[in-house]
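A short write-up of the structure that comes next.
Here the structure is a predicted model, which means the values were calculated and not measured.
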Amino acid sequence: MIAADAGSLSLGGELTVVNYVERLEEAKAALREGRLAIDFANVREIDSSAIAFMLECVRATGNKVVFKSLPNTLSGLVSLYGVTDLLKIS
């Protein structure tokens, strides 16, 4: 589930390999509309495809996207994969 407001989009539920493509397409549409903040506060389940999701969002926006409220599991994956310097996290 993705919900959007004026400047951001909020992910909910899960972001896994099962729904990665669908979530990425939804996110890219929102990013094209100028929503450059992605909030992970309501994400309940993730896997490593979340890293690919984040990197694709960075690429799609020329590194203008900001990621908010990362769950501890996702923060750990960001660190494990060594992509911390590639992402803007608040």
Margin query: What's the separation between atom CG in L15 and atom CD in E22, rounded to the nearest 0.5 Å?
Written below: 11.0 Å
Check: Taking side chain as C-beta onward, heavy atoms only, is L36 less than 4.5 Å from K88?
Finding: no
Next item on the list: Report yes if the side chains of V78 and L70 come closer than 4.5 Å at any heavy-atom pair, otherwise no.
Entry: yes
Note to self: Has R32 got a side-chain atom pairing as donor or acceptor with A27's backbone, closer than 3.5 angstrom?
What the structure shows: no
Next item on the list: For the residue pair I38 and S10, establish whether any side-chain heavy-atom pair is separated by less than 4.5 Å.
Entry: no
Item checked: All side chain to side chain donor-acceptor pair (under 3.5 Å) counterparts of T73, not counting sequence neighbours -> none
Next item on the list: For residues L31 and R35, report the shortest heavy-atom separation together with the two atoms involved.
Entry: CD2-O, 3.0 Å
Note to self: If hydrophobic clusters are built by linking Ile, Leu, Val, Met, Phe, Trp and Tyr wherever their side-chain heavy atoms come under 4.5 Å apart, do Y20 and F67 end up in the same one?
What the structure shows: yes
Margin query: Distance check, rounded to the nearest 0.5 Å: N19 atom CG versus E14 atom CD?
Written below: 5.0 Å
Next item on the list: Group every Ile, Leu, Val, Met, Phe, Trp and Tyr by side-chain heavy-atom contacts under 4.5 Å, then state whether I89 and V65 land in the same group.
Entry: yes
Checklist line | Minimum side-chain heavy-atom gap L11-R23 below 4.5 Å | finding: yes
Note to self: So, taking the atom named CD1 in I51 and the one named CG in L74, what distance separates them when rounded to the nearest 0.5 Å?
What the structure shows: 5.0 Å
Note to self: Could you tell me if the side chain of L86 sits less than 4.5 Å from the side chain of V58, heavy atoms only?
What the structure shows: no
Notebook entry, point to check: What's the spacing between L87 CG and C57 SG if we round to 0.5 Å?
Noted result: 10.0 Å
Checklist line | Least distance between heavy atoms, M54 atom then F40 atom | finding: CG-CZ, 4.0 Å
Note to self: If hydrophobic clusters are built from ILVMFWY residues whose side chains come within less than 4.5 Å, do V21 and L55 share one?
What the structure shows: yes
Next item on the list: May I ask whether V66 and I46 are part of the same hydrophobic cluster, defined by side-chain heavy atoms of I, L, V, M, F, W, Y residues being less than 4.5 angstrom apart, directly or through others?
Entry: no
Check: Applying side-chain hydrogen bond (donor to acceptor under 3.5 Å, both in side chains), which residue pairs with at least one partner in residues 47-71 are found, sequence neighbours left out?
Finding: D39-S69, D47-S49, E56-R59
Check: Got a second to check how far L9's CG is from E33's CD, nearest 0.5 Å?
Finding: 10.0 Å
